[in-house]
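Taking it in order: structure first as structure tokens, then the write-up.
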Amino acid sequence: MKALIQELVEAYGPSGHEGTVRNLIRRHVEPLCDEVRVDAMGNLIALKRGDGSGRRVMLAAHMDEIGVIVSHVDEKGFLRFGTVGGVRPTQVLGTRVLFGNGQQGTIGQEQPASPDEKPSFDKMFIDVGAPNKEALTVGVGDVACFQRPFADLGQRLMSKAMDDRIGCAVLVQALRDLKPSPHDVYFVFTVQEEVGLRGAVTSAYGVAPEVGIALDVTIAADTPEAAHMNMALGKGPCIKVKDGGMLAHPGVKNLMVATAQRLGIPYQLEVLLGGTTDAMAMQTSQAGVAAGTISVATRYVHSPSEMVDYDDVLNSVKLLVGILSAPIVL
Ligand code: CO
Ligand code: ZN
């Protein structure tokens with residue numbers, strides 16, 4: 001899957017600008033599905049029909065990534081910016097950014113008043129190397145993502161936008177590996193998750209599933225002095241119990257655990273102390289949906305260098321295919 005992952009993570013796709021990623025994914029899923037459509041929000045919805053005996057299942061992985069948006073341009077051509085999604089000031093200084101038109105830049109800051117001053121966005125700017133304002137190719141309203149190449153470290157993989165292109169890659173690979181399934185499975189690649197699960201809200205309403213499963217990253221707490229959480233790289237897919245936005249449906253959570261045990265797939269239970277996924281939007285859609293999440297433990301989430309374990313990715317695919325290949329009894 002490494003080539004697929006590299007292709008997806010290196011693509012430009014901040015929230016609201018998912019077109020490049022959507023076209024890439026569409027090329028992979030179209031030959032494998034019965035129906036593919038794009039809704040008004042830009043969600044890519046690919047249906048693989050079952051034999052009629054199963055359930056209506058929605059899988060969701062978000063295509064968008066966090067970024068920055070230009071809010072003001074000064075006379076010298078320096079760009080002030082706001083954030084798109086959960087970007088933190090400590091993560092961006094010196095990082096390179098990439099705009100949709102291919103323009104690159106870096107993030108600098110005003111001279112701090114003292115060496116201990118905390119970095120803050122209102123003192124930062126993007127420098128695209130323009131000699132003057134007239135030479136700029138980008139301006140107010142243009143959005144940039146981090147620019148960082150994919151790195152294959154062997155067992156671990158590192159890149160920008162693992163959140164959540166790794167979930168997109170798991171869905172694409174699951175579609176490739178899935179033999180005929182009893183269920184009507186909607187593979188939904190959502191937009192605007194990082195700004196409030198907006199694509200999942202509309203796509204879940206449109207698909208109206210009985211069961212919803214999000215594929216996303218979660219915070220690995222296996223680095224020095226990390227938060228007190230269970231998730232670690234290399235210990236298997238994380239089966240969500242709770243996060244900042246939802247309690248997983250106990251039937252869905254138990255089905256994931258039982259499937260992992262039946263197939264001998266390592267897994268870890270996940271209680272994420274903050275943050276949530278598209279499953280929250282699915283769960284509260286229409287009259288309610290039985291929803292859960294399979295997460296890939298990820299270090300340095302929302303930084304330009306998010307790190308995952310390759311076996312966790314492969315095992316997430318196995319777990320998902322295992323769930324979709326058998327009757328779903330909740
Ligand atoms: Co995120
Ligand atoms: Zn995410």
Side-chain angles (χ1 to χ4, degrees), residues 5 8-9 11-18 21-22 25 41-44 58-69 82-92 95 143-146 148 157-172 187-201 203-204 212-221 227 229 231 233 237-240 242-246 248 270 272-283 291-309 312-313 316 320:
I5 294 167
L8 292 176
V9 296
Y12 168 88
S15 308
H17 300 264
E18 297 88 353
V21 181
R22 182 169 54 240
I25 294 174
M41 291 279 287
N43 297 296
L44 176 67
M58 173 171 164
L59 310 175
H62 66 92
M63 297 185 286
D64 63 311
E65 68 190 288
I66 57 175
V68 290
I69 182 164
T83 56
V84 177
V87 183
R88 286 184 298 272
T90 48
Q91 300 283 12
V92 302
T95 194
V143 178
C145 61
F146 295 137
R148 203 56 78 93
L157 312 175
M158 181 170 71
S159 177
K160 73 156 181 90
M162 284 292 179
D163 177 12
D164 183 29
R165 306 285 160 68
I166 203 68
C168 295
V170 168
L171 287 201
V172 169
F187 293 78
V188 182
F189 301 88
T190 63
V191 296
Q192 297 189 32
E193 190 270 354
E194 297 290 359
V195 291
L197 319 178
R198 293 173 196 165
V201 168
S203 55
I213 298 174
L215 272 296
D216 210 331
V217 303
T218 191
I219 294 168
M229 297 189 293
M231 298 81 80
L233 265 57
C238 301
I239 296 174
K240 178 100 67 193
K242 180 189 184 295
D243 64 23
M246 75 177 296
E270 174 195 352
L272 177 65
L273 297 175
T276 194
T277 72
D278 280 343
M280 176 190 173
M282 290 195 275
Q283 184 174 55
T293 303
I294 297 171
S295 316
V296 177
T298 304
R299 290 179 185 163
Y300 324 117
V301 171
H302 286 196
S303 84
S305 296
E306 299 174 329
M307 190 186 293
V308 302
D309 181 276
D312 289 345
V313 178
S316 297
L320 184 58

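As the structure is a prediction and not an experimental result, all values here were calculated from the model. Start at 1 and go down the list; that is how both ligands and their atoms are numbered.
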Inset, instruction - To the nearest 10 degrees, calculate the angle at the Co ion (ligand 1) involving NE2 of H302 and OE2 of E194. - result: 110°
Legend entry - Polar side chain donor-acceptor pair, T277 to T293, under 3.5 angstrom: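 Yes, side-chain donor-acceptor contact under 3.5 Å.
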Inset, instruction - May I ask you to check whether H302 and E194 show a side-chain donor-acceptor distance below 3.5 Å? - result: yes
Inset, instruction - Give, rounded to 10 degrees, the angle between NE2 (H62) and OD2 (D216) as seen from the Zn ion (ligand 2). - result: 90°
Legend entry - N, O or S atom within D163 nearest to the Zn ion (ligand 2), by name: OD1
Legend entry - S159: partners by side chain to side chain contact (heavy atoms under 4.5 Å, CB included), with sequence neighbours left out: V9, F150, M162
Legend entry - N, O or S from D163 under 2.8 Å to the Co ion (ligand 1):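 Coordinating: yes.
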Legend entry - K240 and S295, any side-chain heavy atoms less than 4.5 Å apart: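 S295 reaches K240 side chain to side chain.
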